[in-house]
Amino acid sequence: MPQDWILGLIGGGLIGTAAALFLLVNGRIMGASGLLGGLVDGTGRGNATERASFIAGLVAVPAVLALAFGPFNTNLTPNLALVIIAGLLVGVGTRLANGCTSGHGVCGISRLSLRGMVATVFYLLAGGISVLVFRHILGAI
Amino acid sequence: MRALFAFLAGGLFGAGLLISGMTDTTKVQGWLDVFGEWDPTLAFVLGGAILPMAVAWRFTVGRKPQLGGAFPPPPEPKLGHNLVIGSVLFGAGWGLAGLCPGPAMASLSYGGIGGLVFLASMVAGMTAAPRARGWVDGLAGSA
């Protein structure tokens, strides 16, 4: 659709504003995998309330929007075996790399962090190869 | 107050992910599908997000966060094998399902059973990550 890029730009602006708010007010980096991961492995016990509140907003606001303007769909593959493998890879990978699209991509690149840029290059490359293999070679997705 | 602003930031993040189309796995996979019908939307999302954040980083110089404490230290210059190996594993899973951690949480209310299974698997992966880190470090040490 022709207006997709406009919605992308607006949504992206909201994401960047959220990250800016979290940085300037709370003094923290808005990384989705780190905020959740710290709760999962206990390393974020010291600020668990802040982490849980962030995640609560992240889940609740789209839920309200879905009630008001939905239905929305993630169009996720119905193949649950692939979903499980993908989830495991994303979970392990983002914690090993200490960041995902929001932490390394948005927060890292915007401060010209070498780690953020290198991580982004590698997950984009791996993502591209993954789609190439599973869609065009194996025909699984 | 910290919790309130964390909730607001999380909510704004979730709204942005939903509006930008990033909780739709076909749009994310479309961006990664360079050899198919390529969808450039994600570039606009990333660009739109990096811009306000780049301004925010400039505002941190010589200041303190509104609610006290300190801003994050400058990024570590060291890259390391965990950064590369982790990012490759993450990217492989991201391409396979079209979900990364933020959208996986944001779409919880409308992602159905599949979304729940993805989130549970991601949490399981995060639980296993410290062990995986030790294993990768061991491999790198003996190499």
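Every chain is numbered from 1 and lettered A, B, ... according to where its sequence line falls, protein lines coming before strand lines.
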Heavy-atom proximity to chain A below 4.5 Å, by part of B/V28: neither
Proximal component of A/L9, with respect to chain B [non-hydrogen, under 4.5 Å]: both
Check against side-chain contact (heavy atoms from CB on, under 4.5 Å), A/T74 and B/F118: CA-CA 12 Å; A/T74 57; B/F118 182 89; over 6 Å; no
Pick from B/F44, B/F59, B/W94 with the largest number of heavy-atom pairs that fall under 4.5 Å of chain A: B/F44
CA sep, side-chain torsions, deciding dist, call: B/M105, A/I55, side-chain contact (heavy atoms from CB on, under 4.5 Å): CA-CA 7 Å; B/M105 291 187 269; A/I55 292 167; 3.9 Å; yes
Which atoms of B/L17 approach chain A - backbone, side chain, both or neither, heavy atom under 4.5 Å: both
A/L24 vs B/F71 side-chain heavy atoms within contact, under 4.5 Å: yes
Heavy-atom pair count under 4.5 Å with chain A, highest-scoring of B/V117, B/I85, B/V136, B/T60: B/V117
Shortest non-hydrogen contact between B/A6 and A/E50, atoms and distance: CB-O, 3.3 Å
Residues B/F90, A/T101; criterion side-chain contact (heavy atoms from CB on, under 4.5 Å); working and verdict: CA-CA 10 Å; B/F90 162 45; A/T101 343; 3.5 Å; yes
Heavy-atom side-chain proximity of A/D4 to B/K27 below 4.5 angstrom: yes
Best-contacting candidate, B/A106, B/A128, B/G112, B/P40, against chain A by heavy atom pairs under 4.5 angstrom: B/A106
Which atoms of A/N73 approach chain B - backbone, side chain, both or neither, heavy atom under 4.5 Å: backbone
For B/Y110, all residues meeting ring pair (Phe, Tyr, Trp, His ring centres under 6.0 Å), sequence neighbours excluded: A/F72
Part of B/A70 within contact of chain A (heavy atom distance under 4.5 Å): backbone
Which of B/A92, B/A132, B/G68 touches chain A most, by non-hydrogen pairs under 4.5 Å: B/A92
Which of B/T41, B/T23, B/L108, B/L8 touches chain A most, by non-hydrogen pairs under 4.5 Å: B/T23
Choice from A/S113, A/S110, A/A66, A/A18 maximising heavy atom contacts with chain B below 4.5 Å: A/S110
Contacting moiety of A/S102, where chain B heavy atoms sit under 4.5 Å: side chain
Proximity breakdown for B/V88 and chain A, heavy-atom pairs closer than 4.5 Å: both
Heavy-atom proximity to chain B below 4.5 Å, by part of A/R135: side chain
Step-by-step side-chain contact (heavy atoms from CB on, under 4.5 Å) determination, A/V131 to B/F35: CA-CA 9 Å; A/V131 170; B/F35 299 96; over 6 Å; no
Residue pair A/H136 / B/D33, side-chain heavy-atom distance below 4.5 Å: yes
Option that, when pairs with chain B are counted at under 4.5 Å, heavy atom only, ranks first among A/L14, A/L21, A/N26: A/N26
Flag side-chain contact, heavy atom, 4.5 Å: A/L36 against B/M122: yes
Chain B contacts, top residue of A/L124, A/I129, A/D41 (heavy-atom pairs, under 4.5 Å): A/L124
Part of A/V40 lying under 4.5 Å from any heavy atom of chain B: side chain
Winner by heavy-atom pair count (cut-off under 4.5 Å) against chain B, out of A/G127, A/G37, A/A119: A/G127
A/I141, part contacting chain B, at a heavy-atom distance under 4.5 Å: side chain
Aromatic plane relationship, A/F54 with B/F13 - under 30° parallel, 30 to 60° tilted, over 60° perpendicular: tilted
Flag side-chain contact, heavy atom, 4.5 Å: B/L83 against A/N98: no
Which portion of A/I84 sits near chain B, non-hydrogen atoms under 4.5 angstrom: both
Under 4.5 Å from any heavy atom of chain B - which part of A/L67: neither
Residue B/P72 versus chain A: region with a heavy atom under 4.5 Å: both
Greatest number of heavy atom pairs closer than 4.5 Å to chain B - which of A/T77, A/V106, A/L7, A/V90: A/V90
Option that, when pairs with chain A are counted at under 4.5 Å, heavy atom only, ranks first among B/P74, B/P75, B/A56: B/P75
Residue pair B/M126 / A/T94, side-chain heavy-atom distance below 4.5 Å: yes
Contact origin within B/L99 toward chain A - heavy atom pairs under 4.5 Å: both
